[in-house]
Structures are given as C-alpha cells and as structure tokens.
Q: 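Have a look at this one before I ask anything.
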Amino acid sequence: MRSLIERLYREHTLAPDELRSLLSDCDATHLELINAKAREVAQAHFGNRIFIRGLIEIGNCCHNDCYYCGIRRSDRNVERYRLDKETILECCREGYALGFRTFVLQGGEDNYLTTERISDIIATIRQEFPDAAITLSLGEKSTEAYERFFHAGANRYLLRHETHNPAHYLKLHPQSMSLGNRLRCLDDLKRIGFQTGTGIMVGSPGQTVDNLVEDIIYIEKLRPEMIGIGPFLPHHDTPFAQMPAGTLEQTLLLLSIFRLMHPNALIPSTTALATLTPEGRERGILAGANVVMPNLSPVDQRSKYALYDNKASMGAEAAEGLRLLQERLERIGYTIDMGRGDYRPEA
Ligand code: 5AD
C-alpha cells in the first residue's frame, strides 16, 4: 500500500488494478499517508492559499428528475424560486465588495433560463465586473448554447459526470438522460475553451470500486481544470432517501488520489463534505483540496436550494462569514487567497 501511494505521488498515475487495491484496502494509517502526500503536492503548487468562489444559486426549478437530487422535478414539496437578473447582480456586487473575484452561477436545468436569458446575465456581469471570473453550473446544454455563454464572457463551467459507467448512470438518472450526452457536453466545454470541471459523488447508490476506477481513468483522460468530489448525502424526498451517505474516509481518499494525479487542478473542499462532518471542510483541505465555495445566494432563498438534507449554507459556508472561514483556515495553517485563481498549466 505504501509503495503504491509513493508511486502515485512520483508518477501521477497507477494501473487500474493498483487503483482498485488502493480504493479497497486503504486503512486509516495509509489514508493519513496519502492525505499528507496530497497536501504536500497542493502546497508545492498553491502554498498555503485557498481560493474562494462565491456561489450564487440562481434557481431551483429543474426539468430533470435525478434520483439523488433534492430539487428533482418530481419533488412536490420544494418551494421553487428563480432569482431575477437584478438580484443576481446584487449578489455579485455584495460578493465583489467582500473580495470575491469568481462568481459561480449554479441552478437547475430550467427551460425558463433560455440561452438568450443566460447569455444576457453573463454579459451584464462581465461588463460590470471585467476582472472577475464567471463560472457556470447550469447542467446539460446544446453546443451552440455553450458557445454563446463563452462568447458572452463566461470562463469556467462545472458539470460533474457523476459516473462513467453506463449501467450505474442509469441507476442514478431516469431513462430520459444519457451518459453519452453528459460526456458530449464535457467535450464541448473543453473544446470551446472553458476551464472545465467534472466529478462525482462518493458513495452514490450502486457505486462499486470498479466504477470509481472507471471515473478516475475518465478524469485522467479528460484532464479537467477542476475536479468536484463530495460525498453522496440522502435527501428525504427522493427515491434514495434511505440510502447511506458516502463516507468521510472514501471522500478524503479520492480527493487525495485526484490531487496526486492532477497536481495543479482546482479541487474544492465541497459543501457536501462540510455537511457530512463538522470538520469536513478542513479535512478536505488537509487531503489536498485548494478551493472553497462560500454561499453568496440571498439568505432568504438558501434553504430552498437543498440538494440533500441539512445542507450547510451559513457560518463558514456563507460568503458573509468570510472572517469565520479565514479563522478556521488559519487554525490549520492556511489563508484565503482573494485572487481569481485561474487554472495555470504546469510551467
Ligand atoms: N448528495 C450529494 N451531492 C449531490 N448533488 C446533487 N444531489 C446530491 C446529493 N444528494 C451534487 C451532484 C451535482 C452537484 C450540483 O450536486 O453531483 O452535480
């Protein structure tokens, strides 16, 4: 186990069966070792600095029906909302004043949000904040829509593939969705020039070690600029309400594997990880993550964007709680970096 970890650290890759053993047989001692190696690599690339992104949840209306997601179409108990353009701009203004230089617009796949409307919002933010990065996380769109978003001034796009195994994909999503289209989207995004993020939920229902190996190999080939890894957490109004959450250990292991394989990738310590366990955010950073995404959404709407139960959105998860976040980072030897934090290819 130790020699596998050391080789992953040196060579940034392992054979599929080696990844399989790492994922199956990593005990607490080896988890600590791989977390320490990953942390060392993150520090070599980013120092003790953690990038922050202001997350604006622009709406929870969604025509998709993903079995894991708390804002899926079939959930009749969700109070639906959409932020209008002016409200989104207010969030950006507040975020900019707090020091954020990346805005992440995230929302459900909402037919009301046409290419036209989204492009208009992007162009307006781009004009008012020329020095800020605009990240989108709005799901699957047409090639043409992605091109228009890019030309309107968006820089980055987050779209987790969720799983690279077609049978597993079908366990997580209704028939109307396909892995093929998800992968087409990711190819488009990269080709168009977005800094592209993908990723998975750790411990999603039906996920096997072999599936994780496939995910790791897919991500190795895609070489995304950003990698989003968080535990699956059940939401009480979904078909997966009774399913167990992903574990802290498996999430930290995967974060470290991705850091060792992708030394300069932007890897967030996710809200889901912070929700899973009180020190989750810190544990993610100590396992090699280098980004956090505090919530910039209007406070009165935050509780409606519940992808899973008990989702953290206040305190150090909140944009207005930056001081608290800074204090918590300082306790583990890190500090907030106020820059845009663009992906920088290896020199
Ligand atoms: N638990 C954890 N993560 C979730 N997501 C959606 N639902 C859940 C859940 N129940 C993640 C998905 C999606 C991202 C926006 O949130 O991976 O891509």
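Worth knowing before you read on, the calculation uses all heavy atoms, side chains too, and leaves out hydrogens, waters and symmetry mates. As the structure lists them, so they are numbered: ligands from 1, and atoms in each ligand from 1. This chain uses plain numbering: 1 for the first residue, then up along the sequence.
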Q: Tell me whether ligand 1 is touched by Pro231 - counting only heavy atoms on the residue side and a distance under 4.0 Å.
A: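 Pro231: in contact with ligand 1 (<4.0 Å).
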Q: With a 4.0 Å cut-off, would you call Glu18 and Arg7 a salt bridge?
A: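 Arg7 and Glu18: salt-bridged.
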Q: What pair of heavy atoms forms the shortest contact from Thr198 to His161, and how long is it?
A: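 In this case the closest contact between Thr198 and His161 is OG1-N, 2.8 Å.
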Q: In the protein, which heavy atom is nearest to atom 16 (O) of ligand 1, and how far is it?
A: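 I find the closest protein heavy atom is Leu307 CD1, 3.5 Å.
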Q: What protein heavy atom is closest to atom 10 (N) of ligand 1, reported as residue, atom name and distance in Å?
A: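 For this ligand atom, the closest protein heavy atom is Leu233 O, 2.7 Å.
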Q: Counting distance only, does the side-chain N/O of Arg80 pair as donor-acceptor with the main-chain N or O of Asn60 below 3.5 Å?
A: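 Answer holds: yes.
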Q: Counting only nitrogen or oxygen atoms and a 3.5 angstrom limit, does Arg160 reach ligand 1?
A: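 Yes; at least one N/O pair falls below 3.5 Å.
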Q: Closer than 4.0 angstrom, basic N to acidic O: yes or no for Glu225 and Arg156?
A: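 Looking at Glu225 and Arg156, the cut-off is not met.
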Q: Please write down residue, atom name and distance for the protein heavy atom closest to atom 7 (N) of ligand 1.
A: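 It is Tyr68 CD1, 3.3 Å.
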Q: Just say parallel, tilted or perpendicular for the rings of Phe149 and Tyr157, cut-offs at 30° and 60°.
A: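 Rings of Phe149 and Tyr157: parallel, under 30°.
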Q: So is there a nitrogen or oxygen of Glu162 less than 3.5 Å from a nitrogen or oxygen in ligand 1?
A: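 Among all N and O atoms of Glu162, at least one is under 3.5 Å from an N or O of ligand 1.
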Q: Taking distance alone, with N or O pairs closer than 3.5 Å, would you say Ala272 contacts ligand 1?
A: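 It does not: no N or O of Ala272 is found under 3.5 Å from an N or O of ligand 1.
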Q: Is there a nitrogen or oxygen of Gln106 sitting under 3.5 Å from a nitrogen or oxygen of ligand 1?
A: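 Min N/O separation from ligand 1 is not below 3.5 Å for Gln106.
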Q: How are the rings of Tyr218 and His164 set relative to one another: parallel (under 30°), tilted (30 to 60°) or perpendicular (over 60°)?
A: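 Ring orientation of Tyr218 relative to His164: parallel.
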Q: Suppose we measure from atom 4 (C) of ligand 1 to each protein heavy atom; which comes out shortest, and what is that distance?
A: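 The answer is Met201 SD, 3.4 Å.
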Q: Run the side-chain hydrogen bond (donor to acceptor under 3.5 Å, both in side chains) test on Glu220 and Thr13 for me, step by step, so that the C-alpha distance in whole Å, both residues' side-chain angles and the decisive distance to 0.1 Å come before the verdict.
A: CA-CA 8 Å; Glu220 186 173 31; Thr13 189; 2.7 Å; yes
